[in-house]
Amino acid sequence: MKTVESSFSVKKLSLLGLLLAFALILSYIESLIPFFMGVPGMKLGLPNMAIVLLLFLFGEKEGILVNVLRIVISGLLFGSLFGILFSLSGAIVSFIAMVLLKKLGFFDICGVSVIGGIAHNIAQLFVAAYIVKTSGIIYYLPALLIMGTITGYLNGFIASHTMPIVKNFVLAYDGRANNDETS
């Protein structure tokens with residue numbers, strides 16, 4: 001019987017599953033943390049750490065796949081259908097912004113994460129303004145820009161310090177650990 005070649009090997013799929021689980025755990029932790037900074041629905045964006053790691057270690061295709069799966073699964077587990085759609089709007093805009101910034105090549109993981117946090121907040125703000133049919137909600141923009149910058153930087157900082165560990169795990173799992181060509 002012929003097998004169909006795929007860009008997702010069993011090992012890669014397993015690693016992506018682990019990173020999806022990591023993102024879901026971060027989503028759960030985030031749902032437990034009471035965080036209110038004057039803007040309804042504002043979160044720390046902890047799952048973005050896993051998404052930024054995916055973007056830098058695996059690439060765009062894997063990053064968007066895990067990001068969408070994480071939103072759908074965490075929305076079903078901890079939220080609602082409305083929350084899933086709302087989160088997807090911010091996540092897609094954020095992911096596109098992070099991919100474009102990463103491709104420019106002169107931003108590190110922290111800079112990419114900051115832009116992701118800001119883009120996510122702006123996208124969700126405009127979706128909220130559309131849903132509630134008022135532009136008055138735009139007054140939250142300064143707070144969202146500040147918090148997107150702070151949380152984006154902190155998530156990027158943590159991801160940058162976690163990346164060597166995750167990279168070594170990925171290389172060891174893939175049988176390429178301690179190989180100078182892969183560093």
Side-chain angles (χ1 to χ4, degrees), residues 19-20 22-60 62-71 74-75 78-79 82-132 134-167:
L19 286 166
L20 173 60
F22 176 57
L24 286 168
I25 290 167
L26 291 173
S27 290
Y28 178 67
I29 290 170
E30 184 175 70
S31 74
L32 296 176
I33 298 172
F35 182 74
F36 184 73
M37 292 297 294
V39 179
M42 185 183 296
K43 295 182 181 180
L44 296 172
L46 297 177
N48 192 48
M49 279 187 265
I51 304 309
V52 170
L53 283 169
L54 275 157
L55 180 60
F56 276 81
L57 291 173
F58 286 96
E60 302 153 18
E62 294 84 353
I64 195 68
L65 174 68
V66 171
N67 205 7
V68 170
L69 287 172
R70 188 238 351 137
I71 290 166
S74 66
F78 319 120
F82 179 75
I84 292 170
L85 297 174
F86 200 64
S87 293
L88 277 174
S89 68
I92 290 170
V93 171
S94 170
F95 193 77
I96 291 168
M98 290 191 300
V99 167
L100 292 174
L101 207 64
K102 181 180 179 279
K103 284 187 176 192
L104 289 176
F106 51 84
F107 287 95
D108 65 355
I109 194 167
C110 288
V112 169
S113 181
V114 166
I115 291 302
I118 291 170
H120 191 277
N121 287 348
I122 291 172
Q124 284 194 337
L125 184 67
F126 281 104
V127 168
Y130 176 77
I131 289 170
V132 297
T134 180
S135 60
I137 200 165
I138 301 300
Y139 289 111
Y140 287 123
L141 185 60
L144 288 171
L145 292 176
I146 291 167
M147 291 311 297
T149 301
I150 293 169
T151 59
Y153 179 79
L154 291 174
N155 287 329
F157 180 80
I158 294 168
S160 71
H161 285 77
T162 307
M163 189 155 46
I165 298 164
V166 175
K167 186 175 184 179

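This one's a predicted model, so the numbers in the text were calculated from it and none came from an experiment.
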How many angstroms lie between atom CZ of Phe95 and atom CG of Leu100, to the nearest 0.5 angstrom? 10.5 Å
Quick one, Ile51 and Leu55 - any side-chain contact, counting heavy atoms below 4.5 Å? no
Which is it for Asn155 and Val52 under the side chain to side chain contact (heavy atoms under 4.5 Å, CB included) test, yes or no, and what are the steps along the way? CA-CA 9 Å; Asn155 287 329; Val52 170; over 6 Å; no
Show your reasoning for whether side chain to side chain contact (heavy atoms under 4.5 Å, CB included) applies to Met49 and Thr162. CA-CA 9 Å; Met49 279 187 265; Thr162 307; 5.6 Å; no
Can you measure from CZ (Arg70) to CZ (Phe22) and round to the nearest 0.5 angstrom? 12.0 Å
I'd like to know if the side chain of Asn121 and the backbone of Thr149 have a donor-acceptor N/O pair within less than 3.5 Å. no
Under 3.5 Å donor-acceptor, Ser113 side chain and Cys110 backbone: no
Is there a donor-acceptor contact under 3.5 Å from the side chain of Ser74 to the main chain of Leu24? no
To the closest 0.5 Å, what do you measure between CG (Leu54) and CG (Leu19)? 4.5 Å
What are the two closest heavy atoms between Ala119 and Ala97, and how far apart are they? CB-CB, 3.8 Å
Considering residues at least two apart in sequence or located in another chain, which fulfil the side-chain contact (heavy atoms from CB on, under 4.5 Å) criterion with Ile146? Ile150
For the atom pair CD1 (Ile115) and CD1 (Ile96), what is the distance rounded to the nearest 0.5 Å? 14.5 Å
Can you name the nearest heavy-atom pair linking Gln124 to Phe86, along with the distance? NE2-O, 3.2 Å
CD1/Ile158 to CG/Leu46 distance, rounded to the nearest 0.5 angstrom? 7.5 Å
Go through the steps for Leu53 and Phe58 under the test side chain to side chain contact (heavy atoms under 4.5 Å, CB included), then give the verdict. CA-CA 8 Å; Leu53 283 169; Phe58 286 96; over 6 Å; no
With a 3.5 Å distance limit and no angle check, can you tell me whether Asn67 reaches the backbone of Gly63 through a side-chain donor-acceptor pair? no
Closest non-hydrogen atom pair, Gly148 against Ile118: C-CG1, 4.1 Å
Over 60° means perpendicular and under 30° means parallel, so classify the ring planes of Phe157 and His161, tilted if in between. tilted
Looking only at heavy atoms, which two atoms of Gly111 and Leu101 are closest? And how far apart? O-CD2, 3.7 Å
Quick one: closest heavy-atom pair of Pro47 and Ser27, and the distance? CG-OG, 3.2 Å
Where is the tightest heavy-atom contact between Ala128 and Ile137, given as atom of each residue plus distance? CB-CD1, 3.6 Å
Can you check whether Leu141 reaches Ile122 side chain to side chain, under 4.5 Å on heavy atoms? yes
Residues Met98, His120; criterion side chain to side chain contact (heavy atoms under 4.5 Å, CB included); working and verdict: CA-CA 10 Å; Met98 290 191 300; His120 191 277; over 6 Å; no
